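If you read the sequence from its start, that first residue is 1, and numbering goes on from there. This is a predicted model, so every value here is computed, not measured.
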Amino acid sequence: MLDIFLRTLPFFLIIGTGWLAGHTRFFPQEATAWLTKFVFYFALSAMLFRFAAGLDVRRLFDAPFFMAYLTGTLALWLLAMAVARWRRLPLAEAAMESHSAVTGNTGFLGVPMLVVLLGQAAIGPVMMVLAIDLVIFSALLTLLVTAARHGRGLASALVPLVRGVVANPMIVSMVAGLGWAWLRLPMPRPVDEFLSLLGAAATPGALFAIGASLAGRRAERLAPALWISLAKLVLHPLAVGTAALAIFDVQPFAAGVMIAAASLPVAGNVYILAQHFGVAAHRVSTAILVSTAASILTLPFVIHWVGG
């Protein structure tokens, strides 16, 4: 356990360095926004494309893995929705809380950390988790919030939904990389070195950006944020772990990667969605802050457990 904690500690120290730089205003919010954009559109996209292009696409899709993660995540999503509606929250706010409870920081934190800690074999499972989160659950949130806020149905939400998917560089880079792998195209050495060099900036850049973005957050709406953090850090890995190991019999290593990915803190892009829709932005922001801080202790424990 101590060994895993010490291996994850450098990742969180970079987050802490970013927080300190943002808190002291040495790294202002405008700089954080531009760093996040660089990581999102360039460094992380290069990393994901290179990872995807090196996969065996014909063996990538694992139906039990897909169904286990989808089933476990959907079960928690429904639980969070039921709790929110029991608290008499409007549908849009309930959907945003549910989305926060199941969407981890897989892109900025999970891809860099889990591949380093669990090895190159974790790339495929982590990317499948990322794809399900970005496509299925983001689509579900968009449909519900659009219907709740504007009283319109599925058809009216399809255009912004498709636009959001096509404009997401993480989705585009993964699809492009998988297409490259499917066609079995050779990777020219200069291109591979370019992607490797640019992608190497993703890990420190993303972690630093996470910390700097947290510096501007204040702990408001603490009670619902604590519930969301508990759901994300504890209930989500339990739900997908139960589905993977007790129902769908997922291969042990892939199940471990799935559980580790599910134990990641609330994703920063959830706050972007909350701001975009004007729904529950304060509690989402606090949930990101609380869950990221708590994951310093919870994430090493989960990785140690799945490793064992």
Side-chain angles (χ1 to χ4, degrees), residues 7-23 26-52 100 103-120 122-123 125-131 133-134 138 167-174 177 194-217 232-233 257 260-273 275 284-285 287-289 291-296 299-300 303:
R7 290 178 65 192
T8 59
L9 186 60
F11 294 90
F12 289 106
L13 286 177
I14 297 177
I15 293 176
T17 303
W19 178 87
L20 183 62
H23 182 70
F26 181 80
F27 207 78
Q29 290 187 359
E30 184 180 7
T32 302
W34 284 111
L35 175 61
T36 301
K37 184 171 289 190
F38 164 73
V39 172
F40 191 53
Y41 283 95
F42 296 97
L44 188 59
S45 295
M47 174 188 281
L48 290 173
F49 177 86
R50 186 168 180 265
F51 281 169
S100 302
T103 306
N105 205 341
T106 311
F108 273 44
L109 182 59
V111 172
M113 177 183 286
L114 296 182
V115 172
V116 170
L117 294 177
L118 301 177
Q120 295 290 307
I123 293 174
V126 170
M127 292 185 69
M128 191 174 295
V129 167
L130 183 60
D133 285 345
L134 288 175
S138 293
N168 190 313
M170 287 195 290
I171 297 177
V172 172
S173 59
M174 285 192 296
F194 161 74
L195 294 171
S196 177
L197 186 63
L198 183 57
T203 299
L207 298 174
F208 191 95
I210 291 172
S213 66
L214 292 176
R217 304 185 193 277
K232 185 68 204 68
L233 298 178
V257 176
S263 68
L264 293 167
V266 180
N269 64 354
V270 179
Y271 178 70
I272 297 174
L273 288 171
Q275 278 193 315
V284 170
S285 175
I288 293 171
L289 178 63
S291 62
T292 302
S295 67
I296 298 174
L299 190 55
I303 294 175

(request) Could you list the residues that satisfy side chain to side chain contact (heavy atoms under 4.5 Å, CB included) with Ala31, not counting sequence neighbours? (result) Phe27, Pro28
(message) Ser45: which residues meet the side chain to side chain contact (heavy atoms under 4.5 Å, CB included) condition with it, sequence neighbours left out?
(response) Pro169, Ser173
(request) Taking the side chain as every heavy atom from C-beta outward, state whether Thr106 and Leu114 have any atom pair closer than 4.5 Å. (result) no
(request) Identify the heavy atoms of Pro112 and Gly107 that sit nearest to each other, and give their distance. (result) CD-O, 3.6 Å
(message) Taking ring-ring contact (aromatic ring centres under 6.0 Å, His included) as the definition, give me every residue that meets it alongside Phe108, ordered by chain and number, with sequence neighbours left out.
(response) none
(message) Could you report the tightest heavy-atom contact between Gly104 and Ala267, atom names first, then the distance?
(response) O-CB, 3.3 Å
(request) Identify, with sequence neighbours excluded, every residue that meets side chain to side chain contact (heavy atoms under 4.5 Å, CB included) alongside Ala201. (result) Phe38, Ala43
(message) Whether the side chain of Lys232 engages the backbone of Leu264 through a donor-acceptor N/O pair (distance < 3.5 Å, no angle test) should be reported.
(response) yes
(request) Find out whether Ile303 and Arg7 are in side-chain contact, i.e. whether some heavy atom of one side chain is under 4.5 Å from a heavy atom of the other. (result) no
(message) According to salt bridge (Lys or Arg N to Asp or Glu O under 4.0 Å), does anything in residues 41-50 pair up with another residue at least two apart or in another chain? List the pairs.
(response) Arg50-Asp192
(message) Is it the case that the side chain of Lys37 and the backbone of Thr32 share a donor-acceptor pair, with hydrogens and angles ignored and the cut-off at 3.5 Å?
(response) no
(request) Provide the closest heavy-atom pair for Pro300 versus Ser295 in the form atom of the first, atom of the second, distance. (result) CD-O, 3.4 Å
(request) Drop me the distance from Gln120's CD to Phe51's CZ, to the nearest 0.5 angstrom. (result) 5.5 Å
(message) Testing Val115, Leu118, Val257 one by one against Ile123 for a side chain to side chain contact (heavy atoms under 4.5 Å, CB included), which residue passes?
(response) Val115
(request) First locate atom CG of Leu130, then atom CE of Met170, and finally report the distance between them rounded to the nearest 0.5 Å. (result) 5.5 Å
(request) For Asn105, check side chain to side chain donor-acceptor pair (under 3.5 Å) against everything at least two apart and list the hits. (result) none
(request) Output all residues satisfying side chain to side chain donor-acceptor pair (under 3.5 Å) with Ser285, sequence neighbours left out; order by chain, then residue number. (result) Arg217
Do any side-chain atoms of residues 8-17 form donor-acceptor pairs under 3.5 angstrom with protein atoms, and if so which ones, sequence neighbours left out?
{"unit_1": "Thr8", "atom_1": "OG1", "unit_2": "Ile4", "atom_2": "O", "d": "3.2"}
{"unit_1": "Thr8", "atom_1": "OG1", "unit_2": "Phe5", "atom_2": "O", "d": "3.0"}
{"unit_1": "Thr17", "atom_1": "OG1", "unit_2": "Leu13", "atom_2": "O", "d": "2.8"}

(request) Could I get the full list of side chain to side chain contact (heavy atoms under 4.5 Å, CB included) partners for Ala46, not counting sequence neighbours? (result) Leu195, Leu198
Distance-only donor-acceptor pairs under 3.5 Å for side chains of residues 202-214, two or more places apart:
{"unit_1": "Ser213", "atom_1": "OG", "unit_2": "Ala209", "atom_2": "O", "d": "3.2"}
{"unit_1": "Ser213", "atom_1": "OG", "unit_2": "Ile210", "atom_2": "O", "d": "2.7"}

